[in-house]
S.K.: 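Okay, handing you the structure first.
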There are 2 protein chains.
Amino acid sequence: MSSAPLAVTQRLGYLLKHAQLRLAELAEPLYAPLGVTGRQLALLTLFGDGPARSQQDGAARLGVDRTTMVALVDELEAKGLVRREVAPGDRRKRLVLLTPEGERVREAGAEVTRKAEALLLEPLSAEDAERLRAALHQVVRAE
Amino acid sequence: MSSAPLAVTQRLGYLLKHAQLRLAELAEPLYAPLGVTGRQLALLTLFGDGPARSQQDGAARLGVDRTTMVALVDELEAKGLVRREVAPGDRRKRLVLLTPEGERVREAGAEVTRKAEALLLEPLSAEDAERLRAALHQVVRAE
DNA sequence: TATTGTTATACTCTATAACTATA
DNA sequence: TATAGTTATAGAGTATAACAATA
């Protein structure tokens, strides 16, 4: 009844972790010249895309605690890439807005992200690469 | 020249991280009755599969530091799931071997891993699920 | 000299608890 | 009373440096 032994390198947990490690290896050196980490760039992408978001809203979307978000926004603020603004209509909330410099870094970073992803996906055909992204999206969505 | 803005939820880094988070959410409650974490089960899978490995060998394969491996093996040894044995031929090396109990937990865990993966992959067709695993494998291998 | 395992230590990441201000 | 942001603190998880045993 038990099928063939699932070697550790075949487990999804292993594959997901190592794919992430490899992507980070490829991407971080490319981000470095921009003066930001991949994490920080993800935040710029999050807050620079669509209508202004509060810290809490961003934290929920990124899957981190709101106390973690405070520190992350602090970093970006110290670099002059974002500013906090009291939300009109609810003075408890802080909207996180990109500065012009933050916007520039976000755009440059998006280009770099595409490059790093292309490097990671190099061994796959364009079709399989798109299938991989779509499959991950479906799996993550089902929350 | 810059294509459409790549929303943060479309980035591979985001997708890989959240797929991992979701898998852990699904799997950990199933592992708990076995008295081990997913991490520990991964180690049992690693050391229980194929010829005996040294700690260093296992660390390299798992992508962790050798000092980290010491602590991980300590945990399993304290639970009576593995034992260390001096490697014949090189007295510096310690082979990590599964005890009978460790072997039992490994087998039960493999079954549970399959179940958790099936839950994660539920939204995909069997064909797409296999494609996902194959694509990740290719991407990780290219090291 | 180099490698394996080990220990002590420090660093990063993250969350929990308690506080302030607003609602 | 409840929520958003903040601070202080503590807990994982991990790596670096230094040491002992062995090669």
Side-chain angles (χ1 to χ4, degrees), chain A residues 13-14 16-18 20-25 27-28 31-32 36-43 46-47 51-79 82-97, chain B residues 13-14 16-18 20-25 27-28 31-32 36-43 46-47 51-79 82-97:
Chain A
Y14 176 94
L16 291 170
K17 176 192 165 187
H18 284 254
Q20 224 182 324
L21 283 175
R22 186 156 153 67
L23 179 59
E25 256 174 41
E28 292 298 340
Y31 291 146
V36 291
T37 64
R39 188 92 219 250
Q40 292 169 339
L41 210 36
L43 244 71
L46 171 69
F47 287 116
R53 292 182 200 289
S54 70
Q55 291 187 196
Q56 183 96 285
D57 187 9
R61 195 155 301 237
L62 224 59
V64 301
D65 193 83
R66 70 190 210 269
T67 62
T68 301
M69 183 55 77
V70 172
L72 295 174
V73 173
D74 280 349
E75 288 173 12
L76 293 177
E77 200 179 37
K79 285 174 187 284
V82 303
R83 60 190 169 82
R84 290 169 158 108
E85 194 167 285
V86 172
D90 190 340
R91 299 182 50 75
R92 292 171 305 179
K93 295 190 182 179
R94 302 298 143 99
L95 302 181
V96 180
L97 304 168
Chain B
Y14 176 94
L16 292 170
K17 176 192 164 188
H18 284 255
Q20 223 181 326
L21 283 175
R22 186 156 153 68
L23 179 59
E25 256 174 40
E28 291 300 338
Y31 291 146
V36 291
T37 64
R39 188 95 222 243
Q40 292 170 338
L41 209 37
L43 244 73
L46 171 69
F47 287 116
R53 294 181 199 290
S54 70
Q55 291 187 193
Q56 182 95 287
D57 186 8
R61 196 155 298 241
L62 224 58
V64 302
D65 193 82
R66 69 191 207 272
T67 61
T68 301
M69 184 55 77
V70 173
L72 295 175
V73 174
D74 280 350
E75 288 172 13
L76 292 178
E77 200 179 36
K79 286 175 187 282
V82 303
R83 60 193 169 79
R84 289 167 158 107
E85 194 167 287
V86 172
D90 190 340
R91 298 181 50 75
R92 294 172 303 181
K93 297 189 182 181
R94 302 297 143 99
L95 303 181
V96 179
L97 305 167

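We name chains A, B, ... by the order of the sequence lines, and we start the count at 1 in each one. These numbers come from a predicted model, not from an experiment.
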S.K.: For B:Y31, what residues pass the ring pair (Phe, Tyr, Trp, His ring centres under 6.0 Å) criterion, not counting sequence neighbours?
M.R.: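 If we apply the ring pair (Phe, Tyr, Trp, His ring centres under 6.0 Å) test to B:Y31, skipping adjacent residues, there are no hits.
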S.K.: Round to a whole Å and report the spacing from CG of B:L21 to C1' of C:dT14.
M.R.: 12 Å
S.K.: I'd like to compare against my own output: the B/S/- annotation of nucleotides 15-23 of chain C with a strict under-4.0 Å heavy-atom distance to protein.
M.R.: BBBB---BS
S.K.: Nearest-Å distance, CG (B:L95) to C1' (C:dG5)?
M.R.: 13 Å
S.K.: Under a 4.5 Å cut-off applied to non-hydrogen side-chain atoms, are B:V86 and B:R94 in contact?
M.R.: yes
S.K.: Can you check whether B:L43 reaches B:L62 side chain to side chain, under 4.5 Å on heavy atoms?
M.R.: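 Side chain of B:L43 against side chain of B:L62, heavy atoms only: contact under 4.5 Å found.
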S.K.: With side-chain contact (heavy atoms from CB on, under 4.5 Å) as the test, would you mind laying out the steps for A:Q56 and A:M69 before giving the verdict?
M.R.: CA-CA 8 Å; A:Q56 183 96 285; A:M69 183 55 77; over 6 Å; no
S.K.: Rounded to the nearest Å, what distance is computed from the CD atom of residue A:E28 to the C1' atom of nucleotide C:dT12?
M.R.: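 So the CD-C1' distance, A:E28 to C:dT12, works out to 14 Å.
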S.K.: Would you indicate which nucleotide in D:dT7, D:dA4, C:dG5 comes nearest to any side-chain atom of A:Q56?
M.R.: D:dA4
S.K.: Quick one: A:L62 CG to C:dC13 P, roughly how many Å, whole number?
M.R.: 14 Å
S.K.: Counting C-beta onward and ignoring hydrogens, is there a side-chain heavy-atom pair between B:V96 and B:E77 closer than 4.5 Å?
M.R.: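 SC-SC contact between B:V96 and B:E77 ruled out.
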S.K.: Tell me which of A:S54 and A:K17 sits closer to the 5' end of DNA chain D, going by the nucleotide each one is nearest to.
M.R.: A:S54
S.K.: Output the rounded distance in Å from CD (A:E85) to P (D:dA4).
M.R.: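 Between P of D:dA4 and CD of A:E85: 18 Å.
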S.K.: Rounding to an integer number of Å, can you tell me how far B:M69 CE sits from C:dT6 P?
M.R.: 11 Å
S.K.: Report the residue (B:V73 or A:A71) whose heavy-atom-nearest nucleotide on DNA chain C is the more 5′ of the two.
M.R.: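 Its nucleotide being nearer the 5' end, the pick is B:V73.
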S.K.: Find the distance B:Q55:CD to D:dT22:C1' and express it as a whole number of Å.
M.R.: 15 Å
S.K.: Could you state the atom-to-atom distance from CD of B:E75 to P of C:dT6 in whole Å?
M.R.: 14 Å
S.K.: Is there any salt bridge (Lys or Arg N to Asp or Glu O under 4.0 Å) pair reaching into residues 58-75 of chain B, and which pairs are they, with sequence neighbours excluded?
M.R.: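 Sorted pair list: B:D74-B:R84.
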S.K.: So does A:R53 get a side-chain nitrogen or oxygen closer than 4.0 Å to the phosphate oxygens (OP1/OP2) of D:dA4?
M.R.: no
S.K.: Testing the basics here: between B:L46 and B:R53, what is the closest heavy-atom pair and its distance to 0.1 Å?
M.R.: O-NE, 3.5 Å
